[in-house]
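Notes follow the structure.
Please read all numbers here as calculations on a predicted model, not as lab measurements.
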Amino acid sequence: MKVLLLAGDFVEDYELFAPLKALEMLGIDVHVVCPDKKAGDTVQSAIHFMEEGRQTYSERQGHPFPLTHTFDDVNLAEYAGFVIPGGRFPEYQRYDDRVLFLCKHFFERDLPVAAICHGVQILAAAGVLQGRTCAGFHMCRIDVEAGGASFVEFHPDSKNAHVEGNLVTAPAYNAIGAWMREFIKLLGVKVQLE
């Protein structure tokens with residue numbers, strides 16, 4: 001099974017690395033891509049912090065992350081699901097028609113999609129949220145509502161994920177465990193403790 005994971009410069013570090021490793025642990029082949037970059041090129045990640053007394057999150061440099069595959073070589077028919085992390089990259093990739101095309105592909109085929117934090121900005125720009133409900137970082141509520149969806153309000157520190165049909169969304173990195181648990185269910189992967 002293959003899953004496509006979208007990335008870009010200043011992707012949120014945890015929201016890229018944790019789902020990648022969780023899916024790999026299950027034997028899923030994850031292809032990490034970024035428009036205009038090739039396999040082996042890197043994207044710079046960022047680490048976001050919600051700090052007491054601050055009006056918004058702060059940002060620190062994360063890890064440079066090597067891409068596993070070349071964006072232009074993606075064959076969408078190969079993928080069972082799509083992951084969109086958050087961070088700052090959705091702010092600019094939502095204007096890229098190639099990214100919006102990818103997103104629409106998965107929704108048109110009712111394939112599992114996982115978006116977290118600012119990743120919902122890409123969903124809104126792709127026009128795939130009309131009539132749905134989804135969560136995301138609380139500062140993305142207006143994007144989600146402008147995209148025709150109802151916003152599910154979770155505190156940024158919550159460990160909750162929201163599932164509707166083929167879509168699982170969550171507010172931020174504290175919810176990665178719940179977000180990935182629900183995504184793998186949508187993929188049809190069963191994990192059993194013995």
Side-chain angles (χ1 to χ4, degrees), residues 3-26 28 30-71 81-96 99 102-103 113-125 134-144 151-162 167-184:
V3 166
L4 187 64
L5 193 155
L6 185 64
D9 285 321
F10 299 99
V11 59
E12 209 290 325
D13 194 273
Y14 300 137
E15 294 170 8
L16 169 65
F17 197 69
L20 170 65
K21 293 305 168 190
L23 294 168
E24 285 178 344
M25 176 194 71
L26 297 170
I28 297 170
V30 183
H31 293 188
V32 184
V33 298
C34 174
D36 303 320
K37 294 197 179 202
K38 296 182 171 113
D41 289 349
T42 60
V43 291
Q44 178 61 53
S45 71
I47 301 171
H48 291 161
F49 292 91
M50 290 298 295
E51 298 176 280
E52 183 101 21
R54 305 280 170 107
Q55 293 178 320
T56 189
Y57 57 86
S58 63
E59 181 174 272
R60 291 166 181 77
Q61 185 169 312
H63 301 88
F65 187 88
L67 299 167
T68 62
H69 289 75
T70 300
F71 185 88
F82 186 40
V83 177
I84 309 172
R88 288 205 338 256
F89 88 97
E91 295 172 5
Y92 60 87
Q93 282 192 13
R94 64 182 162 171
Y95 296 101
D96 189 321
V99 169
L102 288 179
C103 190
V113 175
I116 192 166
C117 198
H118 287 77
V120 297
Q121 291 177 314
I122 290 174
L123 302 179
C134 76
F137 194 65
H138 64 281
M139 292 177 188
C140 296
R141 180 180 55 81
I142 291 173
D143 298 282
V144 168
F151 189 73
V152 177
E153 188 77 44
F154 290 130
H155 189 276
D157 290 337
S158 98
K159 295 180 180 176
N160 296 310
H162 177 76
L167 177 63
V168 57
T169 52
Y173 56 77
N174 284 328
I176 289 171
W179 180 56
M180 280 293 103
R181 180 183 63 239
E182 297 304 325
F183 182 60
I184 65 169

Contacts of type side-chain hydrogen bond (donor to acceptor under 3.5 Å, both in side chains), residue [X], not counting sequence neighbours:
X: Lys159; value: none
X: His162; value: Thr133
X: Asp13; value: Ser45, His63
X: Gln44; value: none

Q. Do you know the tightest heavy-atom contact between Pro90 and His118?
A. CB-O, 3.2 Å
Q: Over all heavy atoms of both residues, which pair between Val32 and Ala7 is shortest? Give the atoms and the distance, please.
A: CG1-CB, 4.0 Å
Among all residues two or more places apart in sequence or in another chain, which pass the side chain to side chain contact (heavy atoms under 4.5 Å, CB included) test with [X]?
X: Ala125; value: Arg94, Leu100
X: Ala175; value: Ala170, Pro171
X: Ala178; value: Ala161, Arg181
X: His31; value: Lys2, Leu4, Asp29, Thr68, His69, Glu78, Tyr79

**Q.** Residue list, ring pair (Phe, Tyr, Trp, His ring centres under 6.0 Å) with Phe71, at least two apart or on another chain
**A.** none
Q.
What verdict does the side-chain contact (heavy atoms from CB on, under 4.5 Å) test give for Val83 and Leu23, after you've listed the backbone C-alpha separation in whole Å, the side-chain angles of each residue and the deciding distance to 0.1 Å?
A. CA-CA 11 Å; Val83 177; Leu23 294 168; 4.2 Å; yes
**Q.** Residues which pass salt bridge (charged side-chain N to carboxylate O under 4.0 Å, His left out) with Asp96, listed by chain and number, not counting sequence neighbours
**A.** Arg98
Q.
Taking salt bridge (charged side-chain N to carboxylate O under 4.0 Å, His left out) as the definition, give me every residue that meets it alongside Glu153, ordered by chain and number, with sequence neighbours left out.
A. none
Q: Starting at OG1 of Thr169, measure out to CG of Leu123 and round the result to the nearest 0.5 Å.
A: 8.0 Å
Q: Mind checking the CD-CG spacing from Gln93 to Leu102? Nearest 0.5 Å is all I need.
A: 9.5 Å
Q) Does Trp179 use its side chain to pair, donor to acceptor, with the backbone of Ala172 at less than 3.5 Å? A) no
Q: Return each pair, listed once, that meets salt bridge (charged side-chain N to carboxylate O under 4.0 Å, His left out) where at least one residue sits in residues 37-47; pairs must be two or more places apart or across chains.
A: Asp9-Lys37
(Q) Within a 6.0 Å radius of atom CZ on Phe151, are there more than 12 heavy atoms belonging to other residues, nucleotides or ligands? (A) yes
